[in-house]
Structures are given as structure tokens and as C-alpha cells.
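What you are looking at is a predicted structure, and each value in this text was computed from that prediction instead of being measured.
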Amino acid sequence: MIELKDLCYARLGASDLDDAESFSIKSLGLQVAEHTAKSLYLRSDDRAHTLCYFEGDPADQTVGFEVEDEDKLTAAATTLDELGHAVHVGTATECSLRKVKAFIGFKDPTGNQIELAVRPERSGKRYVATRDAGITGFSHVGLYTTDPARDERFWTQVCNARVSDRIGDIALMRVNAIHHTVALAPGRGAGIHHINHQVGSNDDVLRSYCHLSGQRVPIVFGPGRHPTSGARFLYFQGPDGMVFEYSVGVDEIEDEETHRPRQFGFEPSSLCMWGAKSARPR
């Protein structure tokens, strides 16, 4: 079984790198760690970066997960190869671009680009937000799936993800104590559904709602509260249509042995217990 420790980074192709930087600073509230001619590295916590925009096709999207060491990485590559997933071993140059010791890349059954990385760099400098967004860290991603049952099996049987709850066919899966690290959202093809950052308080969520609304950033869902994880949330749209989420108060699964996933119906009240409606097309 492939043992995932945590989310590591997201890499997004950008049609306009300057626009991505402006949004990241003025709206999202991340810290610019490095800006090269073709890439923008952004911090949300003590890591060297958790989000990288690079000059390229916006459909080019990758999610990276951390594994324990190079032995676990080699074992993961063997497992994937045996299952028929083509594995790319990162070159020294590619590892440098990702600020990791080593990594492998592959596609999940839907075709989402996934990377497994060893020893992602930390920063000796304190994370300082570019605006008062209250961000405490990069927490989870939503991934599109063209076959929810198949992809749930991949993440829970090939990898060590555990289902915390389901909303219809949407599986909310964790790789640590946090309620979910990956959410599988039914869609027509591969891609990142949304990128989540945790914030410190309810006030941070509402403060950002006012700030983003004032900047005319499209709000696509919320403010609201998820009945599954208990998190208070706000979803909004960034460059090239990527959706970002702030949330606070997400539940933790304290007892792995006794936890059983709950099944929620796929209906508005299962997505928000306060009655907020999503403006995002399905």
C-alpha cells in the first residue's frame, strides 16, 4: 500500500503569470517565496512553498503528496507500475523546480496528475501573509473523478486514504487525522475541483467574504458550514477558473478503529447546513 503522509503542493499552469501573482497577493493572501521568469512560488505555512503557478496551459494541474522516504517512494513506483500506471521518475532539474529531494509522477484512474515527493523543503523564515486572510496552512484538494467507485478504490486500496464521509458519490477521504485531505467530485474529466486553505477563525472567513466581494472576486459558495466536517467555509474563483476555499473548524477523526463513514444524500443541505447555495455549475 502506498503510504501518503500529507498534501505537499499544487502546481497550476497559468495563462497570465502576472495576473496569478496579483490574485495571490491581493485576494488569496499567500506569501510570494520566489518569482522566476516562468514560475511563481507561494507559501501558506512553514514550507518553502505549497502552491506554484507556472507559465503554461491552465489545464496542466498537478497535486503533490509527501511520502516518508526514498524507500517508500521506490515501493510506490513498483506498486503503480505493477498496476499499469506509467511512472515518471523526476530528474534533478524537476526536483529542484519542486523543491523536493525526489519525486515520481503518475496519473490516477481518471487521469489526474499526481506526484509523490520526498523531503519537501521547509523555510527557516516565518510565513507572513500579504493580507490579513488568517491562513494557517494548505489543507486539502478536490479532484474530479469520472468513476467515483473506481477512484475511491484506488485511493483507499492502492493508497492509504480512508473515507470519512460521503455526499452522494462524493467521497471525503483523509490520510491523517484531519477529516479529509482529498474530496472526489464527479466530473467529465480530470482536473482539480478546488484548493483549500485553512484559516484561524470564523471572523477570517467573513472578513475575506467582505474583502473578496469588494474586489469583485466571484464568490461561488458560502459563507456556509459543511455538515460533514463541521467546517465553516467560503469558496471563490481565481485565475483561469480555479476555485479556492477558506475553511475553519474542520473535524478530526480521533479514533480510527471506531469511525464509520456517514452517507449524506446529494442535496443542498448535505453541502451546507446553513442553507447557502452553490453558484458553481455542476
For this session: Please tell me if the side chains of Ile135 and Tyr246 come closer than 4.5 Å, counting only heavy atoms from C-beta onward.
Result: yes

For this session: For this output row, return yes or no: ring centroids of Trp155 and Phe65 closer than 6.0 angstrom.
Result: yes

For this session: Taking the side chain as every heavy atom from C-beta outward, state whether Leu80 and Ile104 have any pair of such atoms under 4.5 Å apart.
Result: yes

Problem set entry | From CA spacing to verdict: salt bridge (Lys or Arg N to Asp or Glu O under 4.0 Å), Arg207, Asp204 | CA-CA 5 Å; Arg207 187 181 297 114; Asp204 291 322; 2.7 Å; yes

Exercise. Quick one: are Ile253 and Arg174 in side-chain contact, heavy atoms under 4.5 Å?
Worked result: yes

For this session: Applying side-chain hydrogen bond (donor to acceptor under 3.5 Å, both in side chains) between Thr145 and each of Asp108, Asp151, Asn112, report the one that passes.
Result: Asp151

For this session: Mind checking the OG1-CZ spacing from Thr228 to Phe264? Nearest 0.5 Å is all I need.
Result: 6.0 Å

For this session: To the nearest 0.5 angstrom, please state how far the OH atom of Tyr9 sits from the CZ atom of Phe138.
Result: 10.5 Å

Exercise. Backbone N or O of Thr146 within a donor-acceptor pair of the Thr110 side chain at under 3.5 Å?
Worked result: yes

Exercise. Atom CZ of Arg166 and atom CG of Leu184: how far apart are they, to the nearest 0.5 Å?
Worked result: 10.5 Å

For this session: Run through His197, His194, His179, His193 and flag the one making a ring-ring contact (aromatic ring centres under 6.0 Å, His included) with His140.
Result: His194

For this session: May I ask you to list the residues sharing a hydrophobic cluster with Met1, side-chain cutoff 4.5 Å, ordered by chain and number?
Result: none

For this session: Give the ring-plane orientation class for Tyr235 versus His226, where under 30° counts as parallel, over 60° as perpendicular and anything between as tilted.
Result: perpendicular

For this session: Would you sort out whether Arg119 and Glu68 count as a salt bridge (Lys or Arg N to Asp or Glu O under 4.0 Å), showing the intermediate values?
Result: CA-CA 8 Å; Arg119 288 165 53 184; Glu68 183 64 36; over 6 Å; no

For this session: Return yes when atom CD of Glu254 has more than 12 non-hydrogen atoms of other residues, nucleotides or ligands closer than 6.0 Å, and no otherwise.
Result: no

Problem set entry | Candidate pair Tyr53 and His35, rule ring pair (Phe, Tyr, Trp, His ring centres under 6.0 Å), full reasoning | CA-CA 10 Å; Tyr53 278 108; His35 193 172; over 10 Å; no

